[in-house]
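Atom set for the values below is all heavy atoms of this structure, side chains included, hydrogens, waters and symmetry mates excluded. Every value quoted in this text rests on a predicted model; they were computed, and no experiment measured them.
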Amino acid sequence: MFLQAQRPAFRAFTLVELLVVIAIIGVIVALLLPAVQAAREAARRMSCQNNLRQFGIALHNYHDTHGVFPPQRLEEPNHGWMSMMLPQIEQGNLHAIYKFNVNWQHVDNQPAVTTKIKIAVCPSAPGANRRDTVVTNKFAAVSDYAIPGNVAPALYTGNGLPAAGDTRGIISGNAGTRMAEVTDGLSNTILLLEDAGRPEFWLRGKRGPASTNDGCGNADVVDGRVKGAGWADPASDIPPHSFAVNGLTCPGPCVMNCTNNNEAYSFHPGGISIVLGDSSVRFLSDTISVRTFAAMITCGCGELIE
């Protein structure tokens, strides 16, 4: 008679133990996910600042070649500042097909202005392949970086500040500026900053309403889109007006990250990245005062910057 060997008994997980393990895994994921997201944003912000650094160097190379920084725009025909410095940002092939004898939005310039310039797009901004609709069947690739051509008078009057004698930024108007004319100091004056997400309208990290009537001279929002998004658009500059904290009316105490409707705006928590006149890149906190922000834009008013 043969005895049947007994199989070893295996203890299974109970339902309670399984639920505890799942709960522990959930807690670990909840703890790690913000850290992963923060690490990804830190990498995106670094990439964004590298883009700005390349623009800063390119603008200095332009100055070395022409003796001035590029003008804000050319008129008759109309062209924006970035169109003039395509060779300096290693876009020689794009420069070769760009037509300066017609306006930037002319049909002959569609092959050029619809071409995406990688370093003109911040990786933190949603929609890397955004396009602006110039007119029916005419489009433009966008830029998340803008020059602060001047400070709007409403910023001073609306915040109880004395008007500045000269509100121009470094790149302003249709004539170039020499470094020697930046009497406030290149290391104290903003050359380029973020106005990310255009042409989509954003308010404090969320999509804004379809239309606004901002007042104080700033452009209105139409069909959920803001103006000046194209990298070749002569109207791509921003004259900061300052806004209410909700980003819907101006002027007000908020100078960044409340609205991207021709104001300083980024998708980085806590502030925006800027290029100073000496080509250095800084992260500017969104707690900056209106007075200090305005002083950092004007290039020849003699303000003291804290």
Interatomic distance, Q49 atom CD to R44 atom CZ [nearest 0.5 angstrom]: 13.5 Å
Between F100 and H79, is there a side-chain heavy-atom distance shorter than 4.5 Å? yes
Working note: S242 + N159, criterion side chain to side chain donor-acceptor pair (under 3.5 Å); need CA distance, chi angles, decisive distance, verdict. CA-CA 9 Å; S242 76; N159 289 280; 3.1 Å; yes
Pair D132-K227, salt bridge (charged side-chain N to carboxylate O under 4.0 Å, His left out): steps then yes or no: CA-CA 8 Å; D132 192 14; K227 298 180 179 179; over 6 Å; no
If I compare all heavy atoms of A196 with all of S266, which pair ends up nearest, and what's the gap? CB-CA, 4.3 Å
Flag yes if more than 12 heavy atoms outside R225 fall under 6.0 Å of its CZ atom; otherwise flag no. yes
What's the shortest heavy-atom distance between L161 and L155, and which atoms? CD1-CD2, 4.3 Å
Measure across F69 and H63 and return the closest heavy-atom pair with its distance rounded to 0.1 Å. N-CD2, 3.5 Å
Determine whether L74 and N174 make a side-chain contact, defined as any pair of heavy atoms from C-beta on separated by less than 4.5 Å. no
So which heavy atom on A140 is nearest to which on W104, and how close? CB-CZ3, 3.9 Å
Say you draw a straight line from OG1 of T189 to CD1 of I274; how long is it, rounded to the nearest 0.5 Å? 10.0 Å
Can you confirm whether R130 is buried at CZ, in the sense that more than 12 heavy atoms of other residues, nucleotides or ligands lie under 6.0 Å from that atom? yes
Are the side chains of Y145 and L52 in contact, using a 4.5 Å heavy-atom criterion? yes
Any non-hydrogen side-chain atom of D144 less than 4.5 Å from a side-chain atom of D195? no
Can I get a per-line list of side-chain donor-acceptor pairs under 3.5 Å for residues 277-284, giving both atom names and the distance, sequence neighbours left out?
residue, atom, partner, partner atom, Å
D278, OD1, S280, N, 3.0
D278, OD1, S280, OG, 2.6
S279, OG, R53, NH1, 2.9

Less than 4.5 Å apart, any side-chain heavy atom of E194 and any of I238? no
Results of ring-ring contact (aromatic ring centres under 6.0 Å, His included) for H66 - residues two or more places apart only: Y62
Ignoring hydrogens, what is the shortest heavy-atom contact between A152 and H241? Give both atom names and the distance. CB-CD2, 3.4 Å
For atom CD of E90, is the number of surrounding heavy atoms from other residues, nucleotides or ligands below 6.0 Å larger than 12? no
If we only count heavy atoms from C-beta on, is the S273 to L193 side-chain gap below 4.5 Å? no
Could you check if a side-chain atom of L59 sits within less than 4.5 angstrom of a side-chain atom of L191, using non-hydrogen atoms only? yes
With sequence neighbours excluded, residues passing ring-ring contact (aromatic ring centres under 6.0 Å, His included) with F139: none
Where V275 and G56 come nearest, the two heavy atoms and their spacing: CG1-CA, 3.9 Å
Single-linkage hydrophobic cluster, 4.5 Å side-chain cutoff, F293 and L276 together: yes
Are the sulfur (SG) atoms of C48 and C122 separated by under 2.5 Å? no
Donor on one side chain, acceptor on other, N61 and Q88, under 3.5 Å: no
Could you measure the distance from the CG atom of D286 to the CG atom of N257? Nearest 0.5 Å is fine. 5.5 Å
Just verifying a value: how many Å separate T212 OG1 and D220 CG, rounded to the nearest 0.5 Å? 5.5 Å
Sequence neighbours excluded, which residues qualify as salt bridge (Lys or Arg N to Asp or Glu O under 4.0 Å) partners of D233? none
Going only through I, L, V, M, F, W and Y residues with side-chain contacts under 4.5 Å, is there a path from M85 to I97? yes
Partners meeting salt bridge (Lys or Arg N to Asp or Glu O under 4.0 Å) with R131 (sequence neighbours left out): none
Can you tell me if CG on D223 sees more than 12 non-hydrogen neighbours from other groups inside 6.0 Å? no
Run the side-chain contact (heavy atoms from CB on, under 4.5 Å) test against I119 and tell me which residues pass, sequence neighbours left out. N51, Q54, F55, I89, I117
Do T259 and Y265 meet the criterion of a side-chain donor-acceptor pair at a distance under 3.5 Å? no
Check whether W202 forms a cation-pi arrangement with R207 (NZ or CZ under 6.0 Å from the six-membered ring centre, at most 45° off the ring normal). yes
Other residues, nucleotides, ligands: >12 heavy atoms within 6.0 Å of K99 NZ: no
Got C299 and T183 here, is their nearest side-chain heavy-atom distance under 4.5 Å? no
Taking everything shown except D108 itself, do over 12 heavy atoms lie less than 6.0 Å from its CG? yes
